[in-house]
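Fair warning: this is a prediction, and the values are worked out from it, not measured in the lab.
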Number of protein chains: 2
Amino acid sequence: MPHKKAQNLEIDNLDIQILSILMNNATTPYTEIAKELIVSGGTIHVRMKKLEEMGVIKGASLEVDPQKLGFDITAFLGIYLEKGSQYNEAVKRLKEVKEIVELYYTTGSWSIFAKIVCHDTTHLREVLNERIQSVPGIQRTETFISLEESVKRQISLD
Amino acid sequence: MPHKKAQNLEIDNLDIQILSILMNNATTPYTEIAKELIVSGGTIHVRMKKLEEMGVIKGASLEVDPQKLGFDITAFLGIYLEKGSQYNEAVKRLKEVKEIVELYYTTGSWSIFAKIVCHDTTHLREVLNERIQSVPGIQRTETFISLEESVKRQISLD
DNA sequence: GTTGAAAAGTGCTGCGA
DNA sequence: TCGCAGCACTTTTCAAC
């Protein structure tokens, strides 16, 4: 019977070490990683290709400072739905709200939990009143404003 | 009187367009960005250097799939402090808990709001009971477990 | 400030061990 | 499966506009 080319699809210690380095700084050259882990540059390349094929690596993104770009307010939203079954429809509508940067389906008091980034309080009020509260099925929301971001990092693989 | 070399420290439309492209895919070559925005590769380089010096760009990081690395649980924690003045000391201790990936000082019911990533429920219980509840000043916590991450993206600069 | 091209460094591929 | 060496591509620099 036909089958795919045999591949090693396990994640070993070397893979973890490569990921740890690149999660902190995605621009680290392969040659530098190779030197640090005492393997060849080609090996790093092969491992990275494997991790990408496995879907472990989803991509690389530039981290920016929202405040320096005029986004002064980060807030969290607990959203109550009239019925839990309205989740999918509500998410579809909420995805169109560009200010929502994260959205989760959670256990506990709320059905939906969201993170939102706005320019100022006027902008926040407009997004809340006109674009979120108007979504069908949303009963009410609770807002928590972040006064300080003290930790923002990736998971530690050690 | 002595003064620094004059520099244009304003962010114009071209900067915003460059950032928009790289925020979605940090590995886009400068030459490709240049072609798309109809400027030279050198210009992209100069702008990026300016944005880095201004602190607008904080770095580039590799995005991984936590589940594929054995991290199955994402949870949110609302933390009550005995006194608000204990915030700094508590954050210092909580920073040592590697499972905490985000931590905010927020308005509303809780003093601290945190995002936490764990392997499984046993791991989550251990982190909560043994490493978070034991921090001086922490009165009690409320836990919300994420059952689905529906949105995870960067702010839109348009 | 921007351009275009040259110089330096990095990523990628195939052969050999 | 890994390492080495050559080729292709990207980043970086710089004189000129």
Trainee: Between C/dT3, C/dT2, D/dG3, which one does the side chain of B/Val39 approach most closely?
Mentor: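 The closest nucleotide is C/dT3.
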Trainee: Would you give me the side-chain donor-acceptor pairs under 3.5 Å for residues 139-146 of chain B, sequence neighbours excluded?
Mentor:
from, atom 1, to, atom 2, distance (Å)
B/Thr141, OG1, B/Gln133, NE2, 3.4
B/Glu142, OE2, B/Tyr80, OH, 2.9

Trainee: Within this structure, what is the CG-to-C1' distance between A/Leu22 and C/dG11, rounded to whole angstrom?
Mentor: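 From A/Leu22 CG to C/dG11 C1': 13 Å.
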Trainee: Please collect all side chain to side chain donor-acceptor pair (under 3.5 Å) contacts where either partner lies in residues 83-92 of chain A, sequence neighbours excluded, each pair once.
Mentor: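 Those involving residues 83-92 of chain A are A/Tyr87-B/Ser150.
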Trainee: Return the value, rounded to whole Å, for the distance between atom NZ of B/Lys35 and atom C1' of C/dT3.
Mentor: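 Spelled out: NZ on B/Lys35 to C1' on C/dT3 is 17 Å.
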Trainee: Under 3.5 Å, side-chain donor or acceptor atoms of residues 33-46 of chain B against the rest of the protein: list the pairs with distances, not counting sequence neighbours.
Mentor:
from, atom 1, to, atom 2, distance (Å)
B/Ser40, OG, B/Gly42, N, 3.4
B/Ser40, OG, B/Thr43, N, 3.4
B/Ser40, OG, B/Thr43, OG1, 3.3

Trainee: Just how far, in rounded Å, is P of C/dA5 from CD1 of B/Ile44?
Mentor: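 That distance rounds to 17 Å.
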Trainee: Please determine if a side-chain N or O atom of A/Arg47 lies less than 4.0 Å away from the OP1 or OP2 oxygen of D/dC2.
Mentor: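 Checking A/Arg47 against D/dC2: at least one side-chain N or O falls below 4.0 Å of OP1 or OP2.
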Trainee: Any chance you could list the contact pattern along nucleotides 11-17 of chain D? Use B for base contacts, S for sugar-phosphate-only contacts and - for none, protein heavy atoms under 4.0 Å, 5' to 3'.
Mentor: BSB----
Trainee: Provide, to the nearest angstrom, the distance between the CG atom belonging to B/Asn13 and the P atom belonging to C/dT2.
Mentor: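 So the two atoms are 13 Å apart, to the nearest Å.
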Trainee: In this structure, are over 12 heavy atoms from other groups packed under 6.0 Å from A/Arg125 atom CZ?
Mentor: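 Open.
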Trainee: Any pair with a residue in residues 11-21 of chain B that passes side chain to side chain donor-acceptor pair (under 3.5 Å), sequence neighbours left out, goes on the list, sorted by first then second residue, please.
Mentor: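 Sorted pair list: B/Asp12-B/Arg47, B/Asp15-B/Arg47, B/Asp15-B/Lys50.
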Trainee: Between atom CG in B/Leu37 and atom P in C/dT3, what is the gap in whole Å?
Mentor: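 Going from CG in B/Leu37 over to P in C/dT3 covers 11 Å.
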Trainee: Would you give me the side-chain donor-acceptor pairs under 3.5 Å for residues 63-77 of chain A, sequence neighbours excluded?
Mentor:
from, atom 1, to, atom 2, distance (Å)
A/Glu63, OE2, B/Ser61, OG, 2.8
A/Asp65, OD1, A/Gln67, N, 3.1
A/Lys68, NZ, B/Met54, O, 3.4

Trainee: May I have the distance from B/Lys50 (atom NZ) to C/dT2 (atom C1'), rounded to whole angstrom?
Mentor: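 To the nearest whole Å, that distance equals 13 Å.
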Trainee: Scan B/Thr43 against the nucleic acid and name what it touches under 4.0 Å (heavy atoms): base, sugar-phosphate only, or nothing.
Mentor: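 The residue B/Thr43 makes base contact.
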